[in-house]
Visitor: 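For reference, the structure I am asking about is given below.
Because the structure is predicted, anything quoted here is derived from the model rather than measured. Counting starts at 1 for both ligands and their atoms, in listed order. Computed over heavy atoms, backbone and side chain alike; hydrogens, waters and symmetry mates excluded.
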Amino acid sequence: MSGGAVAIWLIVIGLAVYAIYQPGPHHPRTTKLLVIGGGAVFPTVVLTGLLCYSLPMLPDLQRPAPTGSLQIHVSGVLWWWRIEYIGEDGQTFATANEIRLPVDQPVEFKLHSEDVIHSFWIPSLGGKVDMIPGRQTRLQLHPTRVGTYRGACAEFCGTAHAQMNFDVVVMPVDEFNDWLIAQRKDAKPPQESVAIEGQRQFLKHGCSACHTIRGTDAQGKVGPDLTHVGSRVSLGAGILKNGPENLARWITQTHKVKPGVEMPEFDSLSDDDLKSMVAYLEQLK
Ligand code: CUA
């Protein structure tokens with residue numbers, strides 16, 4: 001396919017350059033060459049060839065995932081990612097905007113959309129796949145190198161499309177298993193007094209209407225699951241590095257950081273209330 005694409009590019013660009021240096025706008029020889037060569041005959045022949053070459057490969061796209069594949073459901077939501085790990089034992093848990101994978105193990109993503117068409121893309125690991133409302137699409141990957149990769153939405157989906165990103169962390173198997181065990185657990189009750197106060201503020205300001213923190217009264221389903229938000233690489237769907245300062249910024253200047261986002265901006269919180277809320281959320285590891 002790449003070879004075919006390069007051939008088309010070379011011939012079309014070659015003809016365009018040739019046409020630029022021809023005298024007069026309607027030189028009949030140039031017109032004929034462009035229409036027959038670059039415009040009609042050549043593309044028809046090459047594209048038909050590539051179509052015949054690629055059609056027999058289609059069934060391959062439907063092949064089931066290799067046994068033992070990690071199963072992850074990802075939903076595109078304006079403008080973030082809902083992520084669910086499906087355990088072989090049926091034990092599932094939700095997270096958001098961050099996918100962790102064990103190195104050298106196959107993974108299958110089942111992709112959905114909850115609103116408009118998004119596209120799931122981790123450029124360093126594989127091709128992009130559309131996420132279409134009412135349909136399920138799939139992507140199989142086999143990461144071979146440990147590292148942190150950037151994922152992004154690759155289909156224009158509205159105001160904050162360019163800020164709909166996620167982190168993909170490929171980890172050694174042992175580390176991944178530890179992470180999995182920790183993520184499956186409910187949030188630990190806060191220990192320090194500032195975090196206890198922060199949890200009170202979180203519930204008082206209605207954050208729980210949209211966010212779930214497993215093991216607490218916060219069971220909202222509209223926004224990202226925050227059960228272990230303190231353990232994540234970034235905030236706001238891959239746009240701010242996770243840390244107390246950025247979290248405070250995200251809570252109080254949400255719409256400046258990410259125009260169009262549905263979360264209301266809590267810019268009237270007192271400094272103390274904000275500090276305690278940040279302390280509470282950051283200790284959710
Ligand atoms: Cu979602 Cu662009």
Visitor: Evaluate whether atom NZ of Lys256 has more than 12 neighbouring non-hydrogen atoms of other residues, nucleotides or ligands under 6.0 angstrom away.
Guide: yes
Visitor: State, with a plain yes or no, whether a side-chain heavy atom of Leu284 is found less than 4.5 Å away from one of His228.
Guide: no
Visitor: Do you know which of Leu101, Ile99, Ile86 makes side-chain contact (heavy atoms from CB on, under 4.5 Å) with Leu70?
Guide: Leu101
Visitor: Salt-bridged, Glu98 to Arg100, with N to O below 4.0 Å?
Guide: yes
Visitor: Is the shortest heavy-atom distance from the side chain of Phe93 to the side chain of Leu180 under 4.5 Å?
Guide: yes
Visitor: Quick one: does Val107's side chain get under 4.5 Å of Ser69's, heavy atoms only?
Guide: no
Visitor: Around atom 2 (Cu) of ligand 1, what protein N, O or S atoms are found below 2.8 Å?
Guide: Cys153 SG, Glu155 O, Cys157 SG, His161 ND1
